[in-house]
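Here's the structure we're looking at; comments come further down.
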Amino acid sequence: MFKIRYSLDCELDNGITDIKPPQELNVQVRNLVLKAKKGGVLTKGDIVAEHPSSMLGAHHVASCGKVTAVNYHSLTVKCSGEEDTVEPVDVRSMNAGAELLRTLRGLGVDVSQLSGKAETLVINGLNPEPGVSVAQQILRDGREELHEGLCLARELISPARTFLAVSQGETITLPGAETVGLRARYPYSLDPLVVRAVTGKEFPEHTRVIDVMALYALGRVALTGLPVTDTIMTISGRNYRVPIGTTINHLLNVLNIKVESGDTVVLGGPFRGEAIYSLYDGVKKGDYGLFVTSSKAIPAVQDAACINCGECVLQCPARVQPHLISRCVEYELFDQAEKYGLNSCFECGLCAFNCFARRPLLQYIRFAKTQLRTKAEATQA
Amino acid sequence: MIHPIIKAMSDNPVRLVVSPPPHWRSGRTIQGMMRAHLLALVPAAIMAVAIYGVQAAAVIGMAGTAAVAAEVVCLRLQHRDVNVDNFSAFYAGVLFAFLLPATAPWWLAAIGGVVTIALGRTVFGGFGCNPVCAPLVAWAVCRFSWPDAMDIDLNLAHFMANSPVDQLKYFGVQSLSQFEYMDLLTGHQIGGLGSSQVLALAAGGVYLIASRWTRLFIPVSFLAGVAGAAALFWFIDPTAYADPIFHLLAGSTVFGAFFLATDTASSPVGRLPQTVFGLLAGTMVIVIRVYGVYPDGVPFAIMVASLLSPLLDRLRPKFFGVR
Ligand code: SF4
Ligand code: SF4
């Protein structure tokens with residue numbers, strides 16, 4: 001049996017362990033612009049897909065190999081085992097500006113928080129969710145990368161003040177940043193709540209927030225000049241560096257974790273993560289955890305009517321009205337849902353966590369947001 | 001009924017269960033909630049049987065059963081899943097029974113149980129959608145249709161005790177010297193068979209709050225509203241109005257505070273709205289007891305306050321980051 005907890009502090013006994021690249025990679029390309037074809041021969045670090053938005057980074061292959069299958073969902077690469085990589089880009093010698101941002105994007109970095117100037121930069125160093133210790137681990141073991149990443153970020157944003165938010169009692173510092181100790185309890189690790197704790201304002205203007213995972217990735221890109229091809233994940237309490245596209249099946253085999261029919265396998269954390277439906281799904285960029293639960297451990301989600309108990313409202317850190325939002329979304333009244341605070345919600349999942357009727361509230365919220373975004377994009381185009 | 005969806009890439013031997021996040025949940029369910037609520041009513045039911053005899057148990061059983069049967073029929077007619085195993089219909093039926101005199105004829109209990117479900121809930125969309133507390137709808141319907149059968153004072157005239165709220169209404173404050181507060185507390189007053197078991201109901205209510213199935217806001221503010229409004233009148237003229245403790249102990253005040261006003265669907269949501277709702281309903285109880293024609297103001301007070309809850313729901317804080 002597992003135990004539900006909100007505390008984000010974890011014990012760190014080990015360093016980061018590398019997971020060897022598997023024989024086959026399954027890179028998720030859903031909703032991306034494909035840049036590789038079936039039969040194509042790729043070198044480690046070659047672009048396979050780009051994100052349609054102008055801010056999010058490109059996706060790269062984590063090993064040399066040949067593309068054996070492509071569908072709307074994923075791109076399969078048979079790895080050749082060669083050690084080649086693409087030519088490194090000398091990021092460090094470049095000057096801050098659009099050119100640098102474009103290069104970083106091309107190397108797989110999400111630049112949405114890096115473009116343009118801002119007054120305040122907040123580095124979110126809290127573990128994102130209970131049971132995930134990636135942030136803590138990186139703060140301990142990834143100092144060089146973090147330093148490099150912070151230098152680059154500060155160069156791009158040129159903030160007047162930089163803060164590093166860490167768990168209360170930790171004495172970590174980064175050169176150029178003021179350390180702020182925060183209560184390490186979910187949901188107070190989420191970016192908007194961390195920013196509020198540091199600046200005292202909700203969704204303040206001229207403020208950027210980057211979590212240490214992203215800062216670390218940025219630092220690595222700057223140091224090596226190579227694209228992002230791996231992610232650090234907490235699996236059963238230990239942290240692993242996993243090549244992007246590694247199938248869950250491979251991970252489970254290497255780490256000797258058993259999965260049976262009826263289990264739920266989640267990429268990410270317990271509150272916000274995504275349950276995968278096939279063990280052949282690949283790890284995505286930014287995934288920070290993997291865990292398995294028995295689906296019997298918790299009463300299942302239901303398509304049930306709201307009984308208006310108010311638990312979701314009382315528990316919502318964004319003070320919105322998930323019960324009304326979800327009722328609107330059930331009838332596809334997305335614009336109406338905005339009136340009940342849809343845009344203030346930062347998707348912590350506590351509403352659905354507490355719902356007596358077991359309604360999939362977070363799912364409704366994410367669905368509404370996606371629908372509205374798609375609609376906005378369609379009217380723009 | 002949710003049917004499984006077979007997706008691409010699912011052709012592997014291990015069939016995973018996919019569900020939306022969060023993957024941890026509190027584990028609390030409607031079934032658990034209703035079970036706890038029924039448990040909270042048990043002490044009062046036992047007291048009712050102790051005071052009124054088995055006929056009280058028969059009335060509870062009749063109303064509960066009728067409510068469940070009505071729920072099954074209503075759900076069938078609507079082609080919805082029959083989920084009476086969440087006990088919500090049974091609970092609503094029992095709440096209705098608690099408002100009846102213990103001598104109520106079987107047909108009254110049965111009709112009330114059916115009306116609770118059919119008119120109280122189903123016509124508004126079912127469990128969770130009723131704008132007014134369902135058992136109270138049935139109570140009002142029966143009160144108007146069969147006033148004699150519903151009249152507590154009349155039906156229980158052969159019991160030694162009197163109904164404190166009726167005494168107050170018809171004979172004034174002077175008549176209240178016959179009541180010891182200790183007797184009122186232990187249910188030695190006549191009233192609804194369960195709704196007058198003050199101490200037992202309070203124990204159940206405290207259990208619900210301690211186990212967090214019910215939140216503090218409504219019961220506490222309801223009782224505060226009753227006590228506050230009663231105190232106001234009492235200060236003005238103690239010879240004309242009863243004191244606050246009497247109002248808290250008499251009639252179905254405690255029952256209303258913990259079990260009727262907290263009905264999830266018909267009460268507002270959020271700290272401030274729930275507090276205001278409780279205060280309003282509580283104050284209204286006294287206003288009805290003082291000026292109204294009904295001796296026990298609780299049912300009507302709660303119904304009126306429920307109608308205001310959509311308005312009260314607007315007393316919400318600003319959303320995160322909205323200036
Ligand atoms: S996910 Fe739910 S609880 Fe969390 S901020 Fe959004 S609406 Fe509120
Ligand atoms: S917690 Fe669930 S049942 Fe309760 S008000 Fe919110 S959505 Fe409705």
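The model shown is predicted, which means the values in this text are computed figures rather than measured ones. Reminder, nothing fancy here: chain letters follow the sequence lines and each chain counts from 1.
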F320(B) and R196(A): side chain to side chain contact (heavy atoms under 4.5 Å, CB included), yes or no, with the steps? CA-CA 10 Å; F320(B) 189 94; R196(A) 179 176 71 180; 3.6 Å; yes
Considering all heavy atoms of both residues, which atom of [X] and which atom of [Y] are nearest to each other, and what is their separation?
X       : Y       : value
Q363(A) : P21(B)  : OE1-CD, 4.1 Å
M33(B)  : I307(A) : SD-CD1, 3.8 Å
H23(B)  : A275(A) : CE1-CB, 3.6 Å

Salt bridge check, E311(A) against R28(B): does any charged N sit closer than 4.0 Å to a carboxylate O?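 Result for this pair is no, no salt bridge flagged.
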Side chain, backbone, both or neither: which part of [X] has a non-hydrogen atom closer than 4.5 Å to chain B?
X       : answer
L361(A) : neither
C306(A) : backbone
V320(A) : both
P192(A) : both
C355(A) : backbone

Could you list all the salt bridge (charged side-chain N to carboxylate O under 4.0 Å, His left out) pairs where at least one residue sits in residues 349-370 of chain A, not counting sequence neighbours? E330(A)-R359(A), E347(A)-R366(A), E347(A)-K369(A)
Does [X] use its side chain to pair, donor to acceptor, with the backbone of [Y] at less than 3.5 Å?
X       : Y       : answer
N308(A) : T264(B) : yes
R25(B)  : P299(A) : yes
T264(A) : V17(B)  : yes

Partner chain B: residue of Q321(A), E260(A), R272(A) with the largest heavy-atom pair count (under 4.5 Å): Q321(A)
Which one of L314(A), L362(A), V313(A), N354(A) has the most heavy-atom pairs closer than 4.5 Å to chain B? L314(A)
Start with the C-alpha gap between Y277(A) and R15(B), add the side-chain angles, then the distance that decides, and say whether side chain to side chain contact (heavy atoms under 4.5 Å, CB included) holds. CA-CA 8 Å; Y277(A) 59 82; R15(B) 289 286 167 112; over 6 Å; no
Quick test of your reading: applying ring-ring contact (aromatic ring centres under 6.0 Å, His included), list the pairs with at least one residue in residues 204-224 of chain B, sequence neighbours left out, ordered by first then second residue. F356(A)-W213(B)
Given side chain to side chain contact (heavy atoms under 4.5 Å, CB included), test L16(B) with S261(A) step by step and report yes or no. CA-CA 5 Å; L16(B) 300 174; S261(A) 287; over 6 Å; no
Is any residue of residues 265-275 of chain B within less than 4.5 Å of chain A by heavy atoms, and which ones?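 Interface residues of residues 265-275 of chain B: A265(B), S267(B), V269(B), G270(B), R271(B), Q274(B).
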Residues in residues 303-318 of chain B that sit under 4.5 Å from chain A, counting heavy atoms only: D313(B), R316(B), P317(B), K318(B)
For the CZ atom on F203(A), are there more than 12 heavy atoms of other groups (residues, nucleotides or ligands in this structure) within a distance under 6.0 Å? yes
Counting heavy atoms not belonging to Q78(B), are there more than 12 under 6.0 Å from its CD?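 Yes.
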Spacing of F319(B) atom CZ and K339(A) atom NZ [to the nearest 0.5 Å]: 11.0 Å
